[in-house]
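Input: a single structure, listed below in structure tokens.
Because only heavy atoms are used, hydrogens play no part in the values below, and waters and symmetry mates are left out as well, while side chains stay in.
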Amino acid sequence: MDLSVSDDLKLLADGVRSFVEQELQPHEALVERLDAVPDELFREIQQKALAAGFYAMNMPEEHGGAGLTSPERAVCEIEFGRVSRALGVICNRPAPILKACVGDQIETYLKPTIRGERWECFALTEPGAGSDARAITTKAVKDGDDYVINGTKQFITMAMRADYIIVFAVTGMDETPRGPQKRITAFLVDKDTPGIGVTPLDVLSNRGMKSCIITFDNVRVPARNILGGEGNGFGIAKNWIFSGRVMLAANCVGLAERAMKMAAEWANTRVAFGKKIGQFQGTSFKLADMAMEIHATKLMVMDGAYKMQAGTITQREASQINLFGSEMVGRVTDNALQILGGMGVTKDLPLERFWRDARVERIWEGTSEIHRDIISKDVLREFPA
Ligand SMILES: Cc1cc2nc3c(=O)[nH]c(=O)nc-3n(C[C@H](O)[C@H](O)[C@H](O)COP(=O)(O)OP(=O)(O)OC[C@H]3O[C@@H](n4cnc5c(N)ncnc54)[C@H](O)[C@@H]3O)c2cc1C
């Protein structure tokens, strides 16, 4: 299989990289300090991204998106990995699950979101249900033409900025060959609907993105706001889960390359015991490992992206890519920080932020343990006794 990046892909990536370096990176320190993107800055970046064609690139062309292929998305995602996620996410969005919009939902939610007029957040996780997503207890009970939602969601990224929420709730029980199973349905819920409360959390990684708790207290939603059909919440989520995992690893490549560049420049400058520290094997071998692991992740990402495009990627492959990329960026940012010594942990340089931001990658799109579980079960299936 040819995993090379064509000239066209390189051209696209170069355009995104210039945008990231010129329009996004200069604001990183401010966002970090405020733990927020000021509204004015947010709108300015959004307008520039729309004008440059770097907004909602993953969305279908017929609804106003750029309709990028998976390999195109992967090379763009690598570039967006070179900036703090709070800034990258202003352009690099929305949630692909919105492609499940039908009928009026297209005009009311999908198209305005692609035009940058509306903003969604994705609410599945709850205080009692993270990895075990089927354990959610948020309920939506049918009442005439509406559903009434009650429950609590946790860690919902960008919920402060969002004006509508993609909420997963239990709408009943189904008998299945494996016994009774919760019927889980996704709803599009306007955030100004009475009964919704949003409280921001203070988290280690990705300052400015704001993960939140959202409470639903008798929130009334019309049945026409069901996304993907009643009981099909996980069905539509699954369609895009693999892409989320591959794109996470792509983002990790961008962040890791930025950390490696800083570490290499430092190793070529900083002198100790009369030598540039890059001449000590303890430093130079770390750089070698970084370069090798970043390259391996890139190949895995492109392999996954071409397979996604062909519709042949498997759950195991998506988990392998996610797991390798997220652990790679942890090692790279940690070693880069070590190469900078004391300067690595100061707030004067962005490296301590890279290190903090890298940490959540092993948790939020499936934990490392869950990915190992998926991969190992498949290996055991592949080689029965
Ligand atoms: C910053 C941040 C942003 C997020 N944004 C969103 C969002 O926008 N929307 C959303 O819906 N969710 C979001 N999440 C939630 C995220 O998807 C969950 O954190 C993740 O799925 C893990 O769930 P948990 O945190 O409840 O951990 P748990 O599931 O409670 O896991 C705790 C520990 O137990 C281990 N564990 C659990 N089950 C197993 C098993 N079977 N085998 C081995 N080990 C196991 C885990 O690996 C982990 O180490 C976000 C999370 C974070 C931290």
Over all atoms of both residues, closest heavy-atom pair of [X] and [Y]:
X	Y	result
L188	L98	CD2-CD2, 4.1 Å
P38	L30	CG-CD2, 4.0 Å
G330	R362	CA-NH2, 4.5 Å
I277	A272	CG2-CB, 3.9 Å
C76	M57	SG-CE, 3.8 Å
L351	A259	CD1-CB, 4.0 Å

Could you tell me if the side chain of [Y] sits less than 4.5 Å from the side chain of [X], heavy atoms only?
X	Y	result
H63	R115	no
V148	N150	yes
T152	T138	no
F54	K48	no
I339	L287	yes
P94	N58	yes
T333	D357	no
V189	I149	yes

**OP:** Taking side-chain contact (heavy atoms from CB on, under 4.5 Å) as the test, write out the residues that go with Q25, two or more places apart.
**Re:** V20, E21, E28, R82, V83, R258
Subject >> With D378 via side-chain contact (heavy atoms from CB on, under 4.5 Å) - residues at least two apart >> reply: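 Listed in chain order: R316, R381.
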All pairs passing ring pair (Phe, Tyr, Trp, His ring centres under 6.0 Å) where [range] contributes a residue, at least two apart:
range	answer
residues 235-257	none
residues 254-289	none
residues 167-216	F122-F168, Y147-F187
residues 359-378	none

Hey, does the side chain of [X] reach the backbone of [Y] with a donor-acceptor pair shorter than 3.5 angstrom?
X	Y	value
Q46	I90	no
Q105	I226	yes
E293	M290	no
E317	T314	yes
N322	E365	yes
T193	D190	yes
D146	R220	no
E361	C252	no
K191	I165	no
Q279	A267	no

Original post:
Can T185 and V170 be said to form a side chain to side chain contact (heavy atoms under 4.5 Å, CB included), step by step?
Top reply: CA-CA 6 Å; T185 304; V170 181; over 6 Å; no
Original post:
Can you list every pair that meets salt bridge (charged side-chain N to carboxylate O under 4.0 Å, His left out) and has a residue in residues 274-283, with sequence neighbours left out?
Top reply: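 Qualifying pairs: none.
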**OP:** Just grab all the salt bridge (charged side-chain N to carboxylate O under 4.0 Å, His left out) pairs involving residues 155-182, residues at least two apart or on different chains.
**Re:** D39-R161, R118-D163, D174-R183
Subject >> Inter- and intrachain pairs under side chain to side chain donor-acceptor pair (under 3.5 Å), touching residues 335-352, at least two apart >> reply: E352-R356
Original post:
Which residue pairs pass the side chain to side chain donor-acceptor pair (under 3.5 Å) test when at least one of the two sits in residues 195-212, sequence neighbours left out?
Top reply: D35-K210
Got a second to check how far [X]'s [atom1] is from [Y]'s [atom2], nearest 0.5 Å?
X	Y	atom1	atom2	answer
I45	R43	CD1	CZ	12.0 Å
H27	L34	NE2	CG	12.5 Å
C121	I156	SG	CD1	6.5 Å
D289	M260	CG	CE	11.5 Å

**OP:** Taking only Lys NZ, Arg NE, NH1 and NH2, and the carboxylate oxygens of Asp or Glu, determine whether K307 and D303 approach each other closer than 4.0 Å.
**Re:**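 Here K307 pairs with D303 in a salt bridge, since their nearest N and O are under 4.0 Å apart.
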**OP:** Salt-bridge test for E327 and R372: reply yes if a basic N is under 4.0 Å from a carboxylate O, no otherwise.
**Re:** yes
Original post:
Apart from V141 itself, what residues make up its hydrophobic cluster, given side-chain heavy atom links below 4.5 Å?
Top reply: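 Members besides V141: none; it forms no cluster.
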Original post:
Hey, mind stepping through I363 and F155 against side chain to side chain contact (heavy atoms under 4.5 Å, CB included) and telling me if it holds?
Top reply: CA-CA 12 Å; I363 297 171; F155 294 129; over 6 Å; no
**OP:** Test side chain to side chain contact (heavy atoms under 4.5 Å, CB included) on I184 and T171 and set out the steps.
**Re:** CA-CA 6 Å; I184 292 171; T171 49; over 6 Å; no
Original post:
Under 6.0 Å from the NZ atom of K142, do we count more than 12 heavy atoms belonging to anything else shown?
Top reply: yes
**OP:** Could you list the residues that satisfy salt bridge (charged side-chain N to carboxylate O under 4.0 Å, His left out) with R270, not counting sequence neighbours?
**Re:**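 Testing R270 for salt bridge (charged side-chain N to carboxylate O under 4.0 Å, His left out), a comparison that skips the adjacent residues, returns none.
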Subject >> Evaluation steps, side-chain hydrogen bond (donor to acceptor under 3.5 Å, both in side chains), between T113 and E120 >> reply: CA-CA 8 Å; T113 306; E120 87 295 350; 5.1 Å; no
**OP:** Might you work through the side chain to side chain contact (heavy atoms under 4.5 Å, CB included) test for F80 and C91, ending with a clear yes or no?
**Re:** CA-CA 9 Å; F80 280 116; C91 333; 4.0 Å; yes
Original post:
Could you walk me through whether K111 and E107 pass the salt bridge (charged side-chain N to carboxylate O under 4.0 Å, His left out) check?
Top reply: CA-CA 5 Å; K111 285 188 180 175; E107 296 301 328; 3.0 Å; yes
**OP:** Walk me through it: do K10 and D14 pass the test salt bridge (charged side-chain N to carboxylate O under 4.0 Å, His left out)?
**Re:** CA-CA 6 Å; K10 278 196 194 109; D14 285 349; over 6 Å; no
Original post:
Are a donor atom and an acceptor atom from the side chains of E72 and T69 found within less than 3.5 Å of each other?
Top reply: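 Yes, because at least one side-chain N or O of E72 sits under 3.5 Å from a partner of the opposite role on T69.
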Original post:
Do N225 and Y109 get their side chains close enough for a donor-acceptor pair, meaning under 3.5 Å?
Top reply: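 Yes.
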